[in-house]
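Everything on this sheet refers to the single structure shown next.
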Amino acid sequence: MRVLVVGGGGREHALAWSLSRHGHRVWCAPGNAGTPGNIPIAADDLQGLVRLAREGDIELVVVGPEAPLVAGLVDALAAVGIPAFGPSAACAALEGSKAFSKDAMVRWGVATAASVTVTTLEEGMAALDRFDTAPVVKASGLAAGKGVIVPDDRAGAEAALRLMFVERAFGSAADEVVLEERLVGREVSVLAVCSGTEYRLLVPAQDHKRLGDGDLGPNTGGMGAFAPAPTLGAELLGTVGDTAIAPILHGMAERGTPYVGVLYAGLMLTDAGPRVLEYNCRLGDPEAQVILPLLADDPAEVFLAAVQGRLGELTLSWEPGAAATVVMAAAGYPDQPRKGDLITGIEAATAAGCTVFHAGTSESPDGPRTAGGRVLAVTGVGADLDAAVARAYAGVAAISFAGAQFRHDIGRTIPEAT
Ligand code: AMP
Ligand code: GLY
């Protein structure tokens, strides 16, 4: 198949790598220094992407990031008859609007934290009285993973509301703000490939969100991941599918907007049972960099089956063993990542048996250079988690660039909720 992958991060390199491995011809827009068939069209240039897919006789488009999904790229491609794997804008609103997402959970009976949505500072301040302890304060719209503040006390919650409504730190993403009961427990993620009311759970993957070892330091997009995650046994995984994935799919289908694509549920395992914190409408990054290497099936077949309503005919098969990925981030990440540092040792890491996925990289005459916050994701696959982790770190040891930051405990500590 002629496949176009939209996006330019580590997740998109993993998609392109997995598709290429199964014999497909792959293009990436815009891609990065590691991806094949790069075409310089931005992931948010909807018209440019539709034109590219038409003129390139693309048979399947796979959309990696949330922004083009929320903006309606899949709808635009469907309107001209190009099969695209990913949710429509109506479905991507589950990630694009936390207010919509909370409504959906309540309406369709998904267990979640109690919440209230507010649209002004005054309303927000008044609503604080309704919580026994300071609530989590969330910008409703897309904020590149930074729009959630977990304050320790009421003063912190008030400051968060001011940051959103007065200082406008998140712009229009905080026109609506969700205040949510703070939950305690262990965080897990469950991802499924979905098509209408059919879904297939992906191998459970766990990411490490904090920058530093031992889950210290600021939140990031994710500093590493491993799969299968032992936190979720088969029984709990099935329960989460029944209670967190299926009701949303049925609700969206009944509403006339069936969900096609990956649905990612972020949950807190509380003493009272699993509670959904958020939905994402796409594969996780770096979760994709451990899930795709373990998928034995051709991802294009799985994605196309979902687009064409044939997912019910498939069972997914997985490679034995485990995968771990260690993210190498630029100096200054996450606040002010430095660009332009020369990266060496990728071939040596590959020779050590790793798959090195590029993220924020760009090409230069001397070789790849850093060009974004998360620079590389170094994945190792092994007979078990220890072997996978050891292989990933052997790859990391071979790679260097000035100021590289990475965690030393990926897959070695199971992240606790914070
Ligand atoms: P979200 O994007 O909604 O998943 O929030 C980002 C992070 O904030 C989560 O991964 C949690 O660590 C934390 N968080 C979100 N909601 C809550 C909550 N209700 N209680 C405690 N922590 C939360
Ligand atoms: N790693 C978390 C995410 O992709 O949202």
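Reckoned from all heavy atoms, side chains included, excluding hydrogens, waters and symmetry mates. Please read these numbers as outputs of a predicted model, since none were measured by experiment.
- Side-chain atoms of T361 never come within 3.5 Å of backbone atoms of P368 as a donor-acceptor pair (strictly under, hydrogens ignored).
- Side-chain polar atoms of E95 and Y264 form no donor-acceptor pair below 3.5 angstrom.
- A salt bridge is defined here as a Lys NZ or Arg NE, NH1 or NH2 lying under 4.0 Å from an Asp or Glu carboxylate O, and D297 with R200 fails to meet this definition.
- Classification of the H208-F226 ring pair by plane angle, with boundaries at 30° and 60°, yields tilted.
- Counting only distance, with no hydrogens or angles, the side chain of S140 and the backbone of S97 share no donor-acceptor pair below 3.5 Å.
- Exactly one residue among L232, L202, D242, V203 makes a side-chain contact (heavy atoms from CB on, under 4.5 Å) with L237. That residue is L232.
- R11 places a side-chain N or O within donor-acceptor distance of the main-chain N or O of L283, the cut-off being under 3.5 Å.
- For the pair V148/V136, a side-chain contact is recorded, criterion being any heavy-atom separation below 4.5 Å from C-beta on.
- Taking the six-membered ring where the residue is Trp, Y393 and H408 present parallel rings, their angle staying beneath 30° rather than reaching 60°.
- For the atom pair R374 CZ and Q405 CD, the distance stands at 13.0 Å (nearest 0.5 Å).
- A donor and an acceptor atom, one from each side chain of T112 and R275, are nowhere located under 3.5 Å apart.
- Note: T117 OG1 to E180 CD = 9.5 Å, rounded to the nearest 0.5 Å.
- Remark: of the listed residues I291, T379, I410, T379 is the sole one forming a side-chain contact (heavy atoms from CB on, under 4.5 Å) with T325.
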As a quick check of understanding, evaluate salt bridge (charged side-chain N to carboxylate O under 4.0 Å, His left out) for R391 and D386, giving each step before the final call. CA-CA 9 Å; R391 177 157 293 167; D386 282 345; over 6 Å; no
